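Below, chain A is the first sequence line, B the second, and so on; all start at residue 1. What you see is a predicted model, and the numbers here were worked out from it, not measured in a lab.
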2 protein chains.
Amino acid sequence: METTVGIETGQSRPAPTLEMVAALAGVSRATVSRVVNGSTSVAPELAQSVEQAVRALNYVPNRAARTLASRRTYTITLLVPESTSKVFADPFFATVVEGVAKYLNSTEYMLNMVTSSEADPGKTQRYLMGGNVDGVLVVSHHSGDHSWEHLNDALPIVFAGRPLLNASDSYYVEVDNEEGALAAVQRLITTGRRNIATIAGPQDMPPGVDRLAGWRSGLAAAGLDDALVEYGDFTVASGEAAMRRLLARGKPLDGLFAANDQMAAGAHAVIQEHGLRIPEDIAVVGFDDDLFATSVSPALTTVHHPISDLGEKMAHMLVELIEGRPAHRVCRLPTSLVVRDSA
Amino acid sequence: METTVGIETGQSRPAPTLEMVAALAGVSRATVSRVVNGSTSVAPELAQSVEQAVRALNYVPNRAARTLASRRTYTITLLVPESTSKVFADPFFATVVEGVAKYLNSTEYMLNMVTSSEADPGKTQRYLMGGNVDGVLVVSHHSGDHSWEHLNDALPIVFAGRPLLNASDSYYVEVDNEEGALAAVQRLITTGRRNIATIAGPQDMPPGVDRLAGWRSGLAAAGLDDALVEYGDFTVASGEAAMRRLLARGKPLDGLFAANDQMAAGAHAVIQEHGLRIPEDIAVVGFDDDLFATSVSPALTTVHHPISDLGEKMAHMLVELIEGRPAHRVCRLPTSLVVRDSA
DNA sequence: TTGTATGCGTTATCAT
DNA sequence: ATGATAACGCATACAA
């Protein structure tokens with residue numbers, strides 16, 4: 001009589017396969033596959049015993065095998081053209097990811113983030129083209145960078161933000177910047193302001209352009225002058241500088257629309273440093289409704305930027321594209337005015 | 001004569017396969033595989049023509065097929081037991097990820113983050129057990145939470161931080177909290193302080209325990225009294241409250257070690273609010289060297305927590321484990337004192 | 001409705 | 001050193 005001594009390898013026993021489930025349930029592998037994938041055409045009683053076997057064996061489909069057989073990966077990549085550290089430092093990305101994850105959780109897709117700038121760019125490229133991914137979400141903050149557009153005929157892609165050029169070629173979702181800026185100006189006008197300035201964003205970024213346009217159209221509709229424009233680059237420091245220039249002009253000024261909250265925060269400081277009151281002397285409205293809006297005093301009246309919704313919608317569009325359903329090429333998300341104390 | 005009209009499907013042509021490369025190079029698939037995977041035993045001239053074919057076709061191996069055949073995924077998961085939004089909001093995670101990514105970029109492994117709390121926890125579990133991943137990195141901030149330890153006999157795991165219990169069972173890397181706290185106290189003593197208090201962290205978290213122990217041993221070595229202890233929970237508010245209690249004792253107090261920078265920041269405010277000067281009246285040293293250390297005035301002398309290194313080391317250990325090389329069960333990272341203005 | 005058989009693109013085990 | 005050929009675990013067209 002022989003004795004076999006089990007060797008403890010530290011490795012767990014191999015994962016159960018479709019075939020094992022089939023054996024235990026007394027059906028064919030095809031039937032198990034159908035049950036697992038929720039096919040309608042399977043007899044209830046068979047389905048029962050299959051499900052039972054699945055639970056008994058704690059079966060979970062092998063992703064690689066499934067991918068190989070079905071030519072679908074059920075994976076989508078969030079591509080961020082920034083360094084890892086920057087991505088995490090920026091609350092904007094955080095919120096986009098949150099929205100994307102929220103939508104994806106209702107689907108079978110997995111999310112998979114890759115920051116492109118680090119390492120060799122070719123690695124990212126090869127990964128995306130290597131059939132490891134069903135679709136790509138590209139998020140670059142304000143810039144509307146569509147430099148990955150060439151991937152478009154290899155993979156469905158949805159961008160965050162309208163591209164600066166070639167808007168007709170790609171799918172994207174953006175917030176309605178112009179409408180938001182318009183609402184901001186209207187708030188200023190409604191509260192009795194007549195001399196309304198703006199600190200605009202860079203004019204090589206779509207949000208910069210659109211928010212300025214919204215400000216202009218609001219003024220035009222009310223027959224007001226649109227001479228009071230200064231430009232910043234969306235940073236606090238640039239907001240301060242722009243506000244100084246505005247004040248230095250010596251013109252009447254009782255209202256300000258800043259193209260984002262950071263620049264509004266910069267303006268806040270300068271206004272108060274000049275001994276002027278907010279909102280009594282100068283009312284100010286920002287854009288984005290981010291951390292800066294509430295960390296400043298008085299709290300900023302601002303245009304809410306639905307960032308999480310943006311992520312959600314991007315994911316939604318991409319999944320539609322992947323599954324071959326028709327999708328609108330562009331989705332423009334509505335904004336809403338958040339009234340606080342500064343206007 | 002018939003005419004076939006090409007239908008534009010919008011789909012790109014199928015990716016080149018190993019077989020196509022083999023055909024073009026005039027060798028067998030096995031040889032191509034060997035070249036692609038850097039096998040030594042292949043004739044230089046054949047290798048040449050294979051590489052040429054690879055470039056010509058822009059061949060990139062199919063990950064799913066490779067995984068299926070080799071039973072290796074070359075993917076590791078960073079598991080974060082927090083909500084997505086929390087993860088991104090916390091600079092600690094950001095920096096860990098940075099370190100992990102840095103190391104992994106020198107390898108063939110891909111990183112793949114999953115935040116566990118959202119959605120159903122079972123989904124995460126099934127994903128990890130489903131053979132989609134070669135190993136797992138678990139990061140939970142201060143807590144030393146090892147609740148995923150049961151995965152250990154299914155998958156290699158490396159934790160961030162020592163577990164509260166069962167330290168002998170799992171692989172982890174931690175910063176040397178005790179040594180760091182000791183250095184902080186020594187700094188205080190070196191600059192002439194004799195009545196040194198501490199605001200300790202929660203005693204159900206390893207860092208809270210170890211930093212308190214470090215403070216105690218520093219005091220003991222110098223024959224100083226260790227009665228001045230108050231506890232906080234690593235938040236700014238708790239630091240303020242603890243400082244108030246310390247001051248309310250009415251005992252002499254000319255030095256303070258706070259178990260993290262946030263609590264130190266809280267203490268800062270309270271000390272100054274009492275009309276006391278830093279460091280003249282009370283010198284303070286923090287721990288972590290994070291944003292709070294420099295956002296406070298005077299800037300905080302503090303113990304540098306090498307978070308990026310932690311991520312790097314974790315990834316390194318995990319890869320060693322995965323590849324079957326021996327690895328030390330625990331890695332303790334050294335700290336360093338960053339001298340600024342508060343002590 | 002259910003089962004059979006083939007193929008997905010690699011790696012790996014054999015011969016040669 | 002190189003080439004057949006058999007897995008790998010699943011999906012799916014086709015047959016029954």
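Just one of A:D309, A:L310, A:V173 meets the side-chain contact (heavy atoms from CB on, under 4.5 Å) condition when paired with A:C331; it is A:V173.
Between the CD atom of A:E19 and the C1' atom of D:dC8 there is a distance of 12 Å, rounded to whole Å. When the P atom of C:dC14 is taken as reference, atom CZ of B:R29 falls 18 Å away, rounded to whole Å. Counting to the nearest Å, the C1' atom of C:dA12 and the CZ atom of B:R72 are 14 Å from each other. The distance between atom CG of B:L68 and atom P of C:dA12, rounded to the nearest whole Å, is 12 Å. Atom P of nucleotide C:dT10 and atom CZ of B:R63 are separated by 13 Å, given to the nearest angstrom. A straight line from CZ of B:R66 to C1' of D:dG9 spans 18 Å, rounded to a whole angstrom. Between the CE atom of A:M20 and the P atom of D:dG9 there is a distance of 10 Å, given to the nearest Å. The CG-C1' distance, from B:L57 to C:dG9, rounds to 15 Å in whole Å.
In this structure, B:N62 does not reach the C:dC8 phosphate: none of its side-chain N or O atoms is under 4.0 Å from OP1 or OP2. An OP1 or OP2 oxygen of D:dA11 is reached within less than 4.0 angstrom by a side-chain nitrogen or oxygen of A:S33. Considering only side-chain N and O atoms, A:Y74 lies nowhere under 4.0 angstrom from the phosphate OP1 or OP2 of D:dA11. Contact annotation: B:S28 side-chain N/O to D:dT2 OP1/OP2 distance is not under 4.0 Å.
Listed candidates were D:dC8, D:dT12, C:dT2. Nearest to the side chain of B:A69 is D:dC8. Checking C:dT10, C:dT2, D:dT2 against every side-chain atom of B:A43, the shortest atom distance belongs to D:dT2.
B:R71 and A:N62 share no side-chain donor-acceptor pair at under 3.5 Å. A:D134 and A:T73 share a side-chain donor-acceptor pair at under 3.5 Å.
Within 4.0 Å (heavy atoms only), A:A30 reaches at least one base atom of the nucleic acid. The residue A:V36 sits apart from the nucleic acid: no heavy atom pair falls under 4.0 Å. A:R71 comes within 4.0 angstrom of sugar-phosphate atoms only, judged by non-hydrogen atoms across all strands, and of no base. Among the heavy atoms of the strands lying under 4.0 Å from A:T17 are primed sugar atoms or P, OP1, OP2 only; no base atom is included.
Applying the 3.5 Å distance criterion, the base of D:dG3 shares a donor-acceptor pair with the side chain of B:R34.
For the pair B:R162 and B:Y172, the cation does not sit on the ring face, since its NZ or CZ is not both under 6.0 Å from the ring centre and inside 45° of the axis.
Side chains of B:E108 and B:V319 form no contact here, defined as non-hydrogen atoms less than 4.5 Å apart.
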